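The structure under discussion appears below in the form of structure tokens.
Order of the sequence lines sets the chain letters (A, B, ...), proteins ahead of strands, with each chain counted from 1. Note that this is a predicted model, so its numbers are computed, not measured.
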Amino acid sequence: MLLVQHIRDHYDQVLAGLNKRNLKNAASALQQVLALDDLRKSSQTQRDQLQAEANTISKEIGILMKEGKTAEATAVRDRSALLKNQIKELEEQHEQAEEELKALLYTLPNVPYAAVPAGKSAEDNEVVLSHGEIPALWDGKLPHWELIKKYDIIDFDLGVKIAGAGFPVYKGKGARLQRALINFFLDQALAAGYVEVQPPILVNEDSGYGTGQLPDKEGQMYFANEDKLYLIPTAEVPITNMYRDVLVNASDLPIKNVGYTPCFRREAGSWGAHVRGLNRLHQFDKVEIVQITHPENSYATLEDMSAYVQGLLQKLELPYRVLRLCGGDMGFTSAMTYDMEVYSAAQERWLEVSSVSNFETYQANRLKLRFKGEDKKSLLAHTLNGSALALPRIVASILENNQEPDGIRMPKVLHPYLGFDRI
RNA sequence: AGAGAGUUGGGUGAGUGGCUGAAACCAACAGUUUGCUAAACUGUCGUACGGGUUAUACUGUACCGGGGGUUCGAAUCCCCCACUCUCUGCCA
């Protein structure tokens, strides 16, 4: 969430940023933030003064009692009872202002970075670069949902029987392709200096708030009611929350973690003809990279992470393009996001396979993730993450782009992981 | 799931109503000293939010797992919740 002090100090910039996101009523919301913060401060000042007086009186009573001056002690005691009521009132005012302020701040998205283009929807995203050639396929080409049936490698119907729509069963070479991709992605990340972690895939409410899924998107997460745990929509949640309430040394930065997890998304109400096959699932596999950096380095790191993800796509020989998301299309908590899209040659359209974002201090503020700098003051760190990569659409693209009349070629880098080179 | 014990500052750990924001030890930081990758000594050493200051200084309040209560006054007493550990049960 945004820092009130930052809103105060850079009011115009914050307002312009929120407008870039097309946030309604941004100006009035910011005004209200400042008003609530003023109220919070003034009520605290008053309360603290009265409390100080009450504390002094209590000490006096203690001394009088000790000296056996009971009558005097009783007289002073009455005075303190009066103070108590006033303090209670101010306390309530203070708490209410604080709660309202917090609730309001939760509704404000992150301020986009200067380089983020203005725009309202995905159509306004900026294509930063394209790489690779779009394969020309013969007329008999099939979309991946046909290919998986033809070669019997992924079974949606079986998944429906076991769980429901959007829970595919990977079989035979299909299952091995999953495992190969996961291992390939993890190995690549290790080589790039990321430390592997295997986090829980159910998380508590605090973690949901920490990375910003709550209070906004509870409808998108599966919830285990009996134990009040959420199934993670992405490994970003457990991995970033490892650093909740943590004060690290500046010398420990950057922290680089990678983790493979299944991801679960309810995707309530967003199904349609355009999300056939592997394009959208309730459960899928993803390798996620997370970095925690010094604020000065976060944008250089964002570029690094973007280049890293592109390297994966190049090794997989997939044609891709990189988008810089516009203000209107960016996620709630992000300050800048690159989306990587792979061309799926049978569907003849671009599929998002990765999203790399810098959250600046937005998550760190909620997480209370700080580092101790050289001046020994603690500052909020910057958090970043990216998919590296999400499997289903990568699989879809590999299947579609590499199909031949008698089989499907597998990318060379995967051969050692697969133990076969064609499906 | 049942029974019991516990949760204190970066760590270990004392503390059963006022002199405790909290002993002691360790770690860390700064300095002194001994001519040698070390030791000794001294000092500093929590966080958050306010007030105040050009910035410091200074100062107020809160915080001993979380929330509530009793009291003039709570780390300390009472209630609820969460978590951890031990034993039993179950189990990959």
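Close to B:rC72, at under 4.0 Å from its OP1 or OP2, lies no side-chain N or O of A:Lys59.
To the nearest whole angstrom, the two C1' atoms, one in B:rU20 and one in B:rG73, are 13 Å apart. Rounded to the nearest Å, the gap between the C1' atom of B:rG51 and that of B:rU44 is 26 Å. Comparing the same atom, P, in B:rG15 and in B:rG69 gives a spacing of 29 Å after rounding to whole Å. Using C1' as the reference atom, B:rA1 and B:rC91 are 12 Å apart when rounded to the nearest Å. Taking atom C1' in both B:rU7 and B:rC64, one finds a spacing of 10 Å when rounded to whole Å. One P atom belongs to B:rG17, the other to B:rC81, and the distance between them is 27 Å to the nearest Å. Atom name P, nucleotides B:rG46 and B:rC41: the rounded distance is 22 Å, in whole Å. With both ends at atom P, the span from B:rG68 to B:rG11 equals 25 Å, rounded to whole Å.
Here B:rU61 is the nucleotide among B:rU61, B:rU71, B:rA48 with the atom lying nearest to any side-chain atom of A:Gln51. Of all nucleotides listed (B:rG18, B:rU61, B:rU71), B:rG18 comes nearest to the side chain of A:Ser58. The side chain of A:Arg40 lies closest to B:rC49, out of B:rC49, B:rG51, B:rU47. Distances were taken from every side-chain heavy atom of A:Arg47 (C-beta onward) to each of B:rC72, B:rG50, B:rU61; the shortest belongs to B:rU61.
Heavy-atom minimum distance, A:Ala54 versus A:Ile87: CB-CD1, 4.0 Å.
If you measure from atom CZ of A:Arg370 to atom C1' of B:rC49, you get 13 Å, rounded to the nearest angstrom. Rounding to whole angstrom units, NZ of residue A:Lys88 and P of B:rG68 are separated by 11 Å. If you take NE2 of A:His94 and C1' of B:rG50, they are 8 Å apart, rounded to a whole angstrom. Whole-Å rounding puts the A:Leu36 CG to B:rC49 P distance at 17 Å. The nearest whole Å value for the distance from the CD atom in A:Glu91 to the P atom in B:rG67 is 12 Å. Remark: C1' of B:rC19 and CG of A:Leu64 are 15 Å apart, rounded to the nearest angstrom. In this structure, CD of A:Glu95 is placed 14 Å from C1' of B:rG66, rounded to the nearest angstrom. Summarising the geometry, the separation between CG on A:Asn55 and P on B:rC72 is reported as 15 Å, rounded to the nearest angstrom.
Map A:Gln5 and A:Gly62 each onto its nearest nucleotide of RNA chain B; the residue landing nearer the 5' end is A:Gly62.
Using cut-offs of 30° and 60° on the angle between ring planes, the pair A:Tyr222 and A:Phe264 is perpendicular. Aromatic ring pairs are classed by plane angle as parallel below 30°, tilted from 30° to 60° and perpendicular above 60°; the pair A:Tyr308 and A:Tyr194 is tilted.
Pair assignment for B:rU86: B:rA3, on the basis of Watson-Crick or G-U wobble contacts that are both within less than 3.5 Å. In this structure, B:rC29 forms a base pair with B:rG43, meeting either the Watson-Crick or the G-U wobble geometry with both donor-acceptor distances under 3.5 Å. B:rU61 and B:rA48 make up a base pair, with Watson-Crick or G-U wobble contacts both under 3.5 Å. Using N1 to N3 plus N6-O4 or O6-N4 for Watson-Crick, or N1-O2 and O6-N3 for G-U wobble, each under 3.5 Å, B:rG18 pairs with B:rC72. When Watson-Crick and G-U wobble pairs are counted only if both distances are under 3.5 Å, B:rA23 pairs with no nucleotide at all. For B:rU37, there is no paired base (Watson-Crick or G-U wobble, both distances below 3.5 Å). When both distances must be under 3.5 Å, the Watson-Crick or G-U wobble mate of B:rU56 does not exist.
A cation-pi arrangement is absent between A:Lys173 and A:Tyr151 under the rule of less than 6.0 angstrom and at most 45 degrees off the ring axis.
Heavy atoms from other residues, nucleotides or ligands lying under 6.0 Å from CZ of A:Arg179 number 12 at most.
Within 4.0 Å of A:Ile57, counting heavy atoms only, lies no atom of the nucleic acid at all.
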**Request:** Tell me, with the steps shown, if A:Thr234 and A:Arg265 meet side-chain contact (heavy atoms from CB on, under 4.5 Å).
**Result:** CA-CA 9 Å; A:Thr234 159; A:Arg265 297 191 183 175; 3.9 Å; yes
**Request:** Walk me through it: do A:Asp38 and A:Arg8 pass the test salt bridge (charged side-chain N to carboxylate O under 4.0 Å, His left out)?
**Result:** CA-CA 11 Å; A:Asp38 286 339; A:Arg8 234 177 242 293; 3.0 Å; yes
